[in-house]
Amino acid sequence: MTLDKHQIDGLPEFCTRTLPAAEFENRMFAAGYSQVGSAPAQAGRSKIWWGHPDYQRVESIYSFDRQTVITAYHVE
């Protein structure tokens, strides 16, 4: 699970395996995404879903302290 393995519509490709949460969120907001939900994930991590008027929903997985985004990908 790494960011550089997935392409998110409306964003340039990620060149790093993880990203600070603030930087990831700024990129998502700038591309027109908005947070639409959240839930606990495995191993104490968190997941946040992002919606966009033109693109499929995105699920992002955060570290246990929500300071780092580990991966993000489109979900149906």
Side-chain angles (χ1 to χ4, degrees):
M1 289 195 326
T2 63
L3 276 174
D4 60 352
K5 301 285 184 191
H6 303 281
Q7 175 62 46
I8 304 299
D9 293 339
L11 295 177
E13 287 187 37
F14 295 103
C15 298
T16 60
R17 294 173 54 111
T18 64
L19 209 60
E23 184 176 342
F24 175 80
E25 291 169 358
N26 286 339
R27 289 183 188 193
M28 294 295 281
F29 290 131
Y33 287 89
S34 58
Q35 291 184 8
V36 295
S38 65
Q42 285 184 306
R45 297 175 179 145
S46 298
K47 61 175 80 172
I48 293 180
W49 292 283
W50 298 83
H52 191 280
D54 299 319
Y55 305 132
Q56 283 185 302
R57 189 168 38 121
V58 171
E59 181 174 288
S60 54
I61 306 296
Y62 286 65
S63 60
F64 71 95
D65 60 2
R66 289 184 82 166
Q67 297 300 306
T68 304
V69 175
I70 299 167
T71 192
Y73 43 85
H74 287 283
V75 294
E76 295 184 25

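FYI, side chains are in, hydrogens and waters are out, and symmetry mates aren't considered; it's all heavy atoms of this structure.
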Check the angle between the aromatic planes of Tyr62 and Phe24 and answer parallel, tilted or perpendicular using the 30° and 60° thresholds. perpendicular
Give the cluster check for Leu11 versus Trp50: same hydrophobic cluster or not, with ILVMFWY residues linked at side-chain heavy-atom distances below 4.5 Å. yes
So how far is it from Glu25 CD to Arg66 CZ, rounded to the nearest 0.5 Å? 7.5 Å
Rounded at 0.5 Å granularity, tell me how far CD in Gln67 sits from OG1 in Thr18. 12.5 Å
Tightest non-hydrogen contact, residues Gly10 and Ala31, listed as O-CB, 3.7 Å
Pairwise distance CD1(Ile61) to CG(Leu3) - rounded to 0.5 angstrom: 10.5 Å
Gln56 side, atom CD; Asp9 side, atom CG - distance, nearest 0.5 Å: 7.0 Å
Going by heavy atoms in the side chains, are Phe14 and Ile8 under 4.5 Å from each other? yes
Heavy-atom count around Phe29 CZ within 6.0 Å, excluding the residue itself: above 12? yes
Between Ala21 and Val69, the two heavy atoms sitting closest are CA-CG2, 3.9 Å
One should read off an interatomic distance between Thr71 OG1 and Lys5 NZ, to the nearest 0.5 angstrom, of 10.0 Å
Any chain of hydrophobic side-chain contacts (each under 4.5 Å) joining Ile70 to Leu19? no
Got a list of side-chain donor-acceptor pairs under 3.5 Å for residues 34-48, not counting sequence neighbours?
none

